[in-house]
> 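Let me give you the structure first, and then I'll get to my questions.
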Number of protein chains: 4
Amino acid sequence: MSRLDKKQALLNTALTLFVSQGFHATSTASIAKQAGVATGTLFHHFSSKDELMKQLFLTIKQEFADAIKAQLSQQGDLKADTKHLWQVAIDWAIANPLKQEFFQQYSMSPSIPTAIRQQAMNDILSFMGELILQGQKTGELADYPLSLMQESCHGQYLAATRYFLDHPDMWQDEAHKQASFSMFWNAMKA
Amino acid sequence: MSRLDKKQALLNTALTLFVSQGFHATSTASIAKQAGVATGTLFHHFSSKDELMKQLFLTIKQEFADAIKAQLSQQGDLKADTKHLWQVAIDWAIANPLKQEFFQQYSMSPSIPTAIRQQAMNDILSFMGELILQGQKTGELADYPLSLMQESCHGQYLAATRYFLDHPDMWQDEAHKQASFSMFWNAMKA
Amino acid sequence: MSRLDKKQALLNTALTLFVSQGFHATSTASIAKQAGVATGTLFHHFSSKDELMKQLFLTIKQEFADAIKAQLSQQGDLKADTKHLWQVAIDWAIANPLKQEFFQQYSMSPSIPTAIRQQAMNDILSFMGELILQGQKTGELADYPLSLMQESCHGQYLAATRYFLDHPDMWQDEAHKQASFSMFWNAMKA
Amino acid sequence: MSRLDKKQALLNTALTLFVSQGFHATSTASIAKQAGVATGTLFHHFSSKDELMKQLFLTIKQEFADAIKAQLSQQGDLKADTKHLWQVAIDWAIANPLKQEFFQQYSMSPSIPTAIRQQAMNDILSFMGELILQGQKTGELADYPLSLMQESCHGQYLAATRYFLDHPDMWQDEAHKQASFSMFWNAMKA
DNA sequence: CATGAATGAGGGTTCATTCAT
DNA sequence: TATGAATGAACCCTCATTCAT
């Protein structure tokens, strides 16, 4: 196993264990063992357990952001673009259930320093922020306070992924898919 | 301090510390100390730290449910009744910020056994479930799958309280208050 | 329940629990509970857990000594008298299995202060000491060092009771009964 | 100090402390400290205090068995062979007083799981079992039930070692030595 | 860079004992 | 005398982290 493979194995294992047992209930020794490396090796790649958590969080956030950005559609039709974004985002969650659960659990947990969590949330929500501002300009979206709308979007997204992760086959059903987007869109529309 | 006072002091202190530091980062010794009792006393009232957590969770859930139930309005106008419920629920969150934050942090955390969390969520969401079914019968609400709508309601509620706890004076502002309800209602309405 | 009843209930319960779980693994709270009294009550009757143990040990030793003394036969035939003593002693062990096991466990354990244990052993072995001296005078018993013979007697007694407590119906069998005594007597005889 | 040295130091220290203070009265911290290692180190070598006790018990039992086996004499003269065995066994006890006391204290104590104790006793007593059967075949030994005889042998051995450990110089005295064996042998002989 | 034995502070929990009622 | 809640020292054990190999 190469250097980077080991680092990646540690991140993957940490993800699995943090999600299933929680951060504090997962020992660094168990991460190393399950990743197939020695205890000490973990500390060559991450200066501390907290640092491992932080890198894991930021890595996953970046993966998500990259996945979304890579597929953004900009056809000029706001509703269509938003629907596309909604589908891409939920597709990602369903394709990466562990990572999505990780967000559900840790995006408001004190196991990750507040500053890091908030910066990450801002980065991600800025996507939506721009779409919302644009929609408000054209009158398609309601003129509510921006950060309230962002928070609401985030909440709807978490709710929808919670639902579809619990009922994965429902995401194949057009009615459910459409319903989830309708709720999201109608909440914001003018 | 009487027997029940001590138990209550322990619950209150645990709430504060669990929210600010997290469950695992809070030692039973620190809870006892800050509650003004001896270490051993905690274990007279709660057989373990996990049991304390569980009781705290269930107590707060019950308090919330009782507060809502006590003020339910049933005037026959669904939208008005729902708006009233929305306000009562957010009022409670703002009046009990620690307890609300506690829910934000722990309602998806492995620090509380899954069965307990889910039972509590079901109890609370059954409120909304009934309102939704009623609205679907009269045609006022959209005919989306019930549990998807419940999850969405829950998500919107968490998002709104997150926003208003971060900006407490905004809840005094009619525009914000109205906006938050509009998003909630429009998401569901037919 | 009267005062003495409670004290006796505590001693009885302590006996049962000390034998089945060991001294340190038995909490004073569990003794009190199973005896049907409050925690504090134990400390009205015994100044400490160690004191309870000491009184239990001395009480049982006295019961044993009294039972033996009450049935001593002094017919002038040393072997017959000794056989009678042997049978009485083993009868007592079989009639009081918990107390016998208590001795097996605690007569060499640091849970009871050395001085107390040794005094008790001396008291009990002095029975045998007299019989042995008498037999040596008449030439019926071998002229081995007295305390070595006493220790051997004690060892044989513990071994025999261990055997018959493990196989209680064997004590009804004449052959086994006779065999156990033969080993005891032949070891000492001239 | 090497890895195995540390494990051995822990076993040695545990032996000393368990014998002098008892199992429960000896803290793992005190064992580690007196062995010259850190608290945690004890738990690298033994998964729990109970496991340490178990390994200690089995190790000592094995040492005893090995010491005896290494010196067994098989000259065909049963009495001579048995006398040799008796001397070797008591020599071992006198050369290893702590280990012998450990057996006296713990071979009937609930501090060691019953299954382990019994297995160990069976292993050790099987020596004697074979000798006895052989003697019964040739008519040199009495035809008593085997397990009763084994129990008796064990009892005599414990009694003799108790005596000689309390009076160590007596083991140099031919008369005492001979007396102890005579009692042992006469108990069993036909 | 990789290893895993060693560390020791700190955690949850127990329990003999006390004392106000 | 009887009670049982309260006490807090002491216990067993865990674990993030270090470092000699």
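Side-chain atoms are counted along with the backbone in the values below, which use heavy atoms only and exclude waters and symmetry mates. Within every chain, numbering begins at 1; the chains are lettered A, B, ... in the order of the sequence lines, protein sequences first and strands thereafter.
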> Could you check D:His44 against C:His24 and say which one's nearest nucleotide on DNA chain E is further toward the 5' end?
D:His44
> Between atom NZ in C:Lys49 and atom C1' in E:dA16, what is the gap in whole Å?
8 Å
> Does the side chain of B:Thr41 get closer than 4.0 angstrom to OP1 or OP2 of F:dT7 through an N or O atom?
yes
> Identify which nucleotide among F:dC13, E:dT3, F:dA9 has an atom closest to any side-chain atom of B:Thr39, counting heavy atoms from C-beta outward.
F:dA9
> Has D:Ser30 got a side-chain atom pairing as donor or acceptor with D:Ser27's backbone, closer than 3.5 angstrom?
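Such a contact is found between D:Ser30 side chain and D:Ser27 backbone.
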> Could you tell me if the side chain of C:Val37 sits less than 4.5 Å from the side chain of C:Leu42, heavy atoms only?
no
> Does the Lys NZ or Arg CZ of D:Lys61 fall within the cation-pi geometry relative to D:Phe102 - under 6.0 Å from the ring centre and within 45° of the axis?
no
> Which nucleotide in the list F:dA16, E:dA16, F:dT3 gets nearest to the side chain of A:Phe43?
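Selected nucleotide: F:dA16.
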> May I ask you to verify if any side-chain N or O of A:His45 is less than 4.0 angstrom from the OP1 or OP2 atom of E:dA2?
yes
> On DNA chain F, compare the nucleotides closest to D:Ala25 and B:Ala38; which residue's is nearer the 5' end?
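Result of the comparison: B:Ala38.
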> Within the structure shown, what part of the strands sits under 4.0 Å from A:Thr26 by heavy-atom distance: base, sugar-phosphate, or nothing?
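Sugar-phosphate contact only - A:Thr26 comes under 4.0 Å of backbone atoms but never of a base.
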> CG of A:Asp50 versus P of F:dT17: gap in Å, rounded?
7 Å
> Tell me whether D:Gln105 contacts the main-chain N or O of D:Val19 through its side chain, where contact means a donor paired with an acceptor under 3.5 Å.
yes
> For B:Phe23 and E:dG11, give me the distance from atom CZ to atom P, rounded to whole Å.
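Distance check: B:Phe23 CZ to E:dG11 P gives 13 Å.
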> Could you state the CD-C1' distance from B:Gln8 to F:dA5, rounded to the nearest angstrom?
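Distance, rounded to whole Å: 18 Å.
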> Among the nucleotides F:dT3, E:dT13, F:dA16, which one has an atom lying closest to any side-chain atom of C:Val37?
F:dT3
> Testing A:Leu17, A:Leu11, A:Thr16, A:Leu15 for side chain to side chain contact (heavy atoms under 4.5 Å, CB included) with A:Thr13, which one passes?
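Going through A:Leu17, A:Leu11, A:Thr16, A:Leu15 one by one, the side chain to side chain contact (heavy atoms under 4.5 Å, CB included) with A:Thr13 is satisfied by A:Leu17 alone.
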> Atom CG of A:Leu10 to atom P of F:dA16: distance rounded to whole Å?
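Interatomic distance, CG of A:Leu10 to P of F:dA16: 13 Å.
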> Kindly say whether D:Met53 contributes a backbone atom to a donor-acceptor pair with the side chain of D:Tyr106 at under 3.5 angstrom?
no
> Can you measure D:Leu42 atom CG to E:dG8 atom C1' for me and round it to whole angstrom units?
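My rounded result for the distance is 13 Å.
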> F:dT1, OP1 or OP2 - any side-chain N/O from C:Lys7 closer than 4.0 Å?
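Negative; the distance criterion is not met.
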> Go through B:Gln118 and B:Asn122 one step at a time and tell me if the side chain to side chain donor-acceptor pair (under 3.5 Å) criterion holds.
CA-CA 6 Å; B:Gln118 290 186 343; B:Asn122 284 345; over 6 Å; no
> Between the opening five pairs and the closing five pairs of the helix from E:dA2-F:dT21 to E:dT21-F:dA2, how far apart are the helix axes, to 10°?
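End axes: 0° apart.
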> Expressed in angstrom and rounded to an integer, what is the separation of A:Leu17 atom CG from F:dA16 atom P?
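My rounded result for the distance is 12 Å.
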> Where the side chain of B:Ser27 is concerned, which of E:dG12, E:dT7, F:dT17 is the nearest nucleotide?
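Comparing E:dG12, E:dT7, F:dT17 against the side chain of B:Ser27, the answer is E:dG12.
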> Round to the nearest Å and state the distance from A:Met53 atom CE to F:dA16 atom P.
12 Å
> Compute both the distance and the angle, then confirm whether C:Lys49 meets the cation-pi test with C:Phe43: under 6.0 Å from the six-membered ring centre, within 45 degrees of the axis.
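C:Lys49 over C:Phe43 ring: no.
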